2 protein chains.
Amino acid sequence: MIRLSTKGRYGTRLMVSLAQHYHNRRESIILKKISDEEEISIRYLEQIIIPLKIARLVKSIRGAGGGYILARDPSNIKLREILLALEGACCLVECVDDEDYCDRIKECATYEIWKNASSLLKDYFENTTLQDLVEIADKKNPSVRK
Amino acid sequence: MIRLSTKGRYGTRLMVSLAQHYHNRRESIILKKISDEEEISIRYLEQIIIPLKIARLVKSIRGAGGGYILARDPSNIKLREILLALEGACCLVECVDDEDYCDRIKECATYEIWKNASSLLKDYFENTTLQDLVEIADKKNPSVRK
DNA sequence: AGAATTCTTATAAATTTATGTTGAAAAATA
DNA sequence: TATTTTTCAACATAAATTTATAAGAATTCT
């Protein structure tokens, strides 16, 4: 299957959770809470949030009362940035992103196909913001206030 | 990374090779030849061709003088069929194809996103045939006759 | 019978997915 | 400022899956 890894899926859900809290009150939130809400192992979330921190999409606040918080407004964070941080370049095959990966590019017929398909995804994720995701969530669960 | 597995990539190249030979003379071709041409381990190709056979996209002929041959004309084989055989449903996440996979679908904001993105890919692969791939290959390598 | 080829099964290496344990840093509080 | 609590950070490990190779059996052609 052409598959988004759990890192990409869980990480995106993590960012949506952070965005929902960011929106309603600008406080940091602890991973434990997201772990409970989203039913994802906190140990795994801890691993997943590292690349998001490195990419400066989230900030961590240590110590009592600490937690994590978005580094920017959700409307200013593209889904593509999130996936880039979590999974590296958002392309279906290595060779689309790294020309040196395979020396058959010049002959390979499938290269063009994977490249086009990757572009479709890239454009879609480029034009989807974290804010869009929050709005979808709000629409699906009108009653829930976080 | 949102990644096509090697099964999907190698299998597609395998199908293109079969299509090129099918086009020029309707003989079966042995995996060893494709293995040499495409530089993919023959043992691995043997595993990869099994689902293609099960999906009735290729036919096998056993024994000396045997080999593999496309079951239909390349213009009548969609890339989506190939990927479906090799990787299962062509969707980014399980839940898009199997509603029972996760019970958070009703609340999950990311579900809609992965579903839309999967549709983009699905439509693209649905409208690309093996013949299209052969023509791309011909254009890239005008001199090569197989 | 012998050669060529697919088919089957086993297994090993690499990567992804996930959990457990311990330690370090920061903030709150007394 | 010392203590305690909360939380992030780092490291180790285990399970599952993907990727790949090996060896030999079964089948068919000549």
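A note on names: the letters A, B, ... follow the listed sequences, proteins ahead of strands, and every chain is numbered from 1. On a predicted model such as this, the values are computed, not experimentally measured, just so you know.
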request  = Rounded off to whole Å, could you give me the CD1-to-P distance for the A:Ile48 and D:dA9 pair?
outcome  = 15 Å

inquiry  = Check the phosphate of D:dA20 against B:Thr6, side-chain N and O only, distance under 4.0 Å to OP1 or OP2. Yes or no?
reply    = yes

5' priority, DNA chain C, between B:Gln47 and B:Ile42 [closest heavy atom] = B:Ile42

remark   = To the nearest angstrom, the CD-P distance between A:Glu87 and C:dT15 comes to 16 Å

key: A:Ser35 side chain to A:Tyr44 side chain, donor-acceptor N/O pair below 3.5 angstrom   = no

request  = Could you state the atom-to-atom distance from CD1 of B:Ile49 to C1' of C:dT8 in whole Å?
outcome  = 15 Å

inquiry  = Counting only side-chain nitrogens and oxygens, does A:Lys7 get under 4.0 Å of the OP1 or OP2 atom of C:dA18?
reply    = no

inquiry  = If you assign A:Tyr44 and A:Ile61 each to the DNA chain C nucleotide with the nearest heavy atom, which residue ends up on the more 5' nucleotide?
reply    = A:Tyr44

inquiry  = Please confirm whether the shortest side-chain N or O distance from B:Ser41 to OP1 or OP2 of D:dT21 is below 4.0 Å.
reply    = yes

key: Sugar-phosphate, base or nothing in reach of A:Lys59, heavy atoms under 4.0 Å   = nothing

ask   = Of all the nucleotides listed (D:dA20, D:dT5, D:dC8), which has the minimum atom distance to the side chain of A:Ala64?
value = D:dT5

ask   = Whole Å only: how far is the NZ atom of B:Lys33 from the P atom of C:dT6?
value = 13 Å

ask   = Can you find a heavy atom in the side chain of B:Leu130 that is under 4.5 Å from one in the side chain of B:Val16?
value = yes

ask   = Under 4.0 Å: is that the gap between some side-chain N or O of A:Lys32 and OP1 or OP2 of D:dT6?
value = no

key: Atom pair distance, as rounded to whole Å: CG in A:Leu31 and C1' in D:dT6   = 13 Å

request  = Take atom OH of A:Tyr10 and atom P of C:dT16, then tell me their distance rounded to the nearest Å.
outcome  = 16 Å

query = Would you say a side-chain N or O of B:Ser5 is under 4.0 Å from OP1 or OP2 of D:dT18?
reply = no

Distance, nearest 0.5 Å, that separates CD1 of A:Ile77 from CG of A:Leu133 = 11.0 Å

query = With the threshold set at 4.0 Å, does a side-chain nitrogen-carboxylate oxygen contact exist between B:Arg13 and B:Glu39?
reply = no

ask   = Among D:dT19, D:dA20, D:dA9, which nucleotide sits nearest the side chain of A:Tyr68?
value = D:dA9

ask   = Checking A:Ser75 side chain against A:Gln131 main chain: does a donor-acceptor pair fall under 3.5 Å?
value = no

key: Distance-only donor-acceptor test, A:Arg43 side-chain atoms vs C:dT17 base atoms, 3.5 Å   = no

key: Rounded interatomic separation in angstrom, taking CD from B:Glu46 and C1' from C:dA10   = 14 Å

key: B:Arg72 bridged to B:Glu81 by N-O distance under 4.0 Å   = yes

Nucleotide D:dT19, atom P - distance to CD of B:Glu39 in whole Å = 19 Å

Nucleotide nearest B:Arg62 (side chain, heavy atoms from C-beta), chosen from C:dT5, C:dA18, C:dC7 = C:dC7

inquiry  = If the cut-off is 4.0 Å, is B:Ser60 near the phosphate of C:dT5, judged by side-chain N/O to OP1 or OP2?
reply    = no

